Amino acid sequence: MRPIIKAKVLRTKKTVALARWLIGKHLVRRFPDGREEARMIVETEAYHGERDRACHARFGRTRRTEVMYGPGGVWYVYLCYGIHEMLNLVVGPPDSPAAILIRGVEGASGPGRVTKALAINRALNAAPATEPSGLWIEDRGVRWPPARVEAGPRVGISYAGPVWVAKKWRFRIKPVA
DNA sequence: TACTCGATCGGA
DNA sequence: CCGATCGAGTAA
């Protein structure tokens, strides 16, 4: 059996805790030609609820954010700056819009690079992340000590205002100094 | 319909 | 520092 993460975990744990928990898990991609590639997640960011002024759900329920209002365990993929596809994992129970941006995996630092490296685009929006279809997550047993995971402010959200910029909802494995 | 601006990146 | 490049969201 593949160690695929369960949807229940993604719907019950809190958003920020899940963003931290996701570090060390593996993002597994099955390309259209059947080939598979797995990369460890090394950087994430949490976006939680309509109150979070940095979250797309701050405008409420719209065509784009609809997927975030469904149950956790599916992908939310959107286009940013007209160029970059951004990969997010929807988490939480229904009607609780929240998502985690995958900002980095082994060999690809930056959300735009992650999707480019694994050929991910909006065709995967709303697709399940908890079964071996096109893209899913596995727990392959990697455990990083808390001291190796750094929490810091989210990137590129200055429009959200100081209160939300200050939240340390970005997680990444510390570079080996 | 006419704006504005973005959860970024690569090049100058 | 700046341009790319397009669609979501707002205002009208």
Side-chain angles (χ1 to χ4, degrees), chain A residues 5 10-11 13-27 29 37 39-92 95-129 134-137 149-175:
Chain A
I5 59 167
L10 300 179
R11 292 169 192 170
K13 292 184 79 171
K14 293 183 187 300
T15 308
V16 178
L18 275 172
R20 163 68 183 76
W21 178 83
L22 231 37
I23 300 294
K25 301 296 181 290
H26 281 76
L27 187 60
R29 174 79 165 121
E37 186 171 333
R39 302 223 196 182
M40 187 177 68
I41 297 169
V42 301
E43 184 176 348
T44 61
E45 261 178 16
Y47 289 87
H48 181 81
E50 297 179 345
R51 287 177 36 126
D52 177 3
R53 303 314 288 169
C55 182
H56 286 170
R58 66 186 180 280
F59 297 124
R61 207 163 191 147
T62 66
R63 188 199 301 274
R64 184 170 66 159
T65 62
E66 185 62 33
V67 67
M68 279 201 278
Y69 284 79
V74 300
W75 299 110
Y76 165 42
V77 187
Y78 70 94
L79 183 67
C80 188
Y81 291 101
I83 302 172
H84 309 288
E85 305 280 345
M86 307 290 261
L87 176 67
N88 299 256
L89 178 63
V90 174
V91 297
D95 298 312
S96 175
I100 295 166
L101 173 66
I102 308 300
R103 288 193 59 90
V105 296
E106 288 175 294
S109 179
R113 292 179 183 154
V114 168
T115 54
K116 186 179 179 186
L118 295 173
I120 292 164
N121 59 43
R122 284 162 288 171
L124 282 166
N125 188 53
L135 184 68
W136 65 95
I137 300 173
V149 180
E150 175 181 67
R154 294 173 292 179
V155 181
I157 58 155
S158 56
Y159 60 85
V163 173
W164 297 97
V165 167
K167 305 280 186 191
K168 293 185 174 181
W169 289 359
R170 176 194 192 191
F171 300 91
R172 62 172 170 172
I173 296 172
K174 283 185 186 176

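Treat the numbers as computed from the prediction; the structure is a model and nothing was measured. In what follows, every chain begins at residue 1, and chains take the letters A, B, ... in the order their sequences are listed.
- Put simply, the side chain of A:Leu22 does not reach to within 4.5 Å of the side chain of A:Phe171, judged on heavy atoms.
- Atom-to-atom distance recorded for A:Ile137:CD1 and A:Ile102:CD1 is 5.5 Å, nearest 0.5 angstrom.
- Among residues two or more places apart in sequence or in another chain, the side chain to side chain donor-acceptor pair (under 3.5 Å) test is passed with A:Arg170 by A:Glu43.
- Applying the side chain to side chain donor-acceptor pair (under 3.5 Å) test to every pair with at least one member in residues 111-126 of chain A, sequence neighbours left out, gives these pairs: A:Glu85-A:Arg122.
- Stretches of at least 3 consecutive Watson-Crick or G-U wobble pairs, with each checked distance under 3.5 Å, appear in DNA chain B as B:1-6 with C:6-11, B:8-11 with C:1-4.
- A:Glu106 is linked by a side chain to side chain donor-acceptor pair (under 3.5 Å) to nothing, counting only residues two or more places apart in sequence or in another chain.
- Across all strands shown, A:Arg64 has heavy atoms under 4.0 Å from sugar-phosphate atoms exclusively, and none from any base.
- Sorted by residue number, the list of members of residues 15-27 of chain A with any non-hydrogen atom under 4.0 Å from DNA chain B is empty.
- Residues meeting the side chain to side chain donor-acceptor pair (under 3.5 Å) test with A:Ser109, sequence neighbours left out: none.
- Not counting sequence neighbours, the partners of A:Glu45 by the side chain to side chain donor-acceptor pair (under 3.5 Å) test are A:Tyr47.
- For the pair A:Lys116 and A:Val155, nearest-nucleotide mapping onto DNA chain B gives the more 5' position to A:Val155.
- Atom OG of A:Ser96 sits about 12.5 Å away from atom CZ of A:Arg11, to the nearest 0.5 Å.
- Proximity of residues 99-115 of chain A to DNA chain B (heavy atom under 4.0 angstrom from any strand atom) is restricted to A:Leu101, A:Arg103, A:Gly110, A:Pro111, A:Gly112, A:Arg113.
- Within the structure, every pair that satisfies the side chain to side chain donor-acceptor pair (under 3.5 Å) test and touches residues 48-60 of chain A, not counting sequence neighbours, is listed here: A:Thr15-A:His48, A:Glu50-A:Tyr69, A:Asp52-A:Arg154, A:His56-A:Tyr76.
- Side chain of A:Thr62 to backbone of A:Thr65: a donor-acceptor contact under 3.5 angstrom is found.
- Using a distance-only test at 3.5 Å, with no hydrogens or angles considered, a donor-acceptor pair links the side chain of A:Tyr159 to the main chain of A:Ala54.
- Proximity of A:Arg29 to A:Leu124: side-chain heavy atoms (C-beta onward) are separated by under 4.5 Å at one or more points.
- The side chain of A:Thr62 contributes no N or O atom lying less than 4.0 Å from OP1 or OP2 of C:dA8.
- The distance from the CG atom of A:Leu89 to the CD1 atom of A:Ile41 is 8.0 Å, given to the nearest 0.5 Å.
- Across B:dC5 and C:dC2, the matching P atoms stand 16 Å from one another, rounded to whole Å.
- Evaluation of the side chain to side chain donor-acceptor pair (under 3.5 Å) test over residues 16-25 of chain A, restricted to residues two or more places apart or in two chains, returns none.
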Using a cutoff of under 3.5 Å, can you pull out all pairs of nitrogen or oxygen atoms linking the protein to nucleotides 4-7 of chain C, with atom names and distances?
unit_1 : atom_1 : unit_2  : atom_2 : d
C:dT5  : O2     : A:Tyr81 : O      : 2.3

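- For the pair A:Thr44 (side chain) and A:Ala19 (backbone), a donor-acceptor distance under 3.5 Å is present.
- From the 5' end on, the contacts that DNA chain B makes with chain A at under 4.0 Å to a non-hydrogen atom open and close at B:dG6 to B:dG10.
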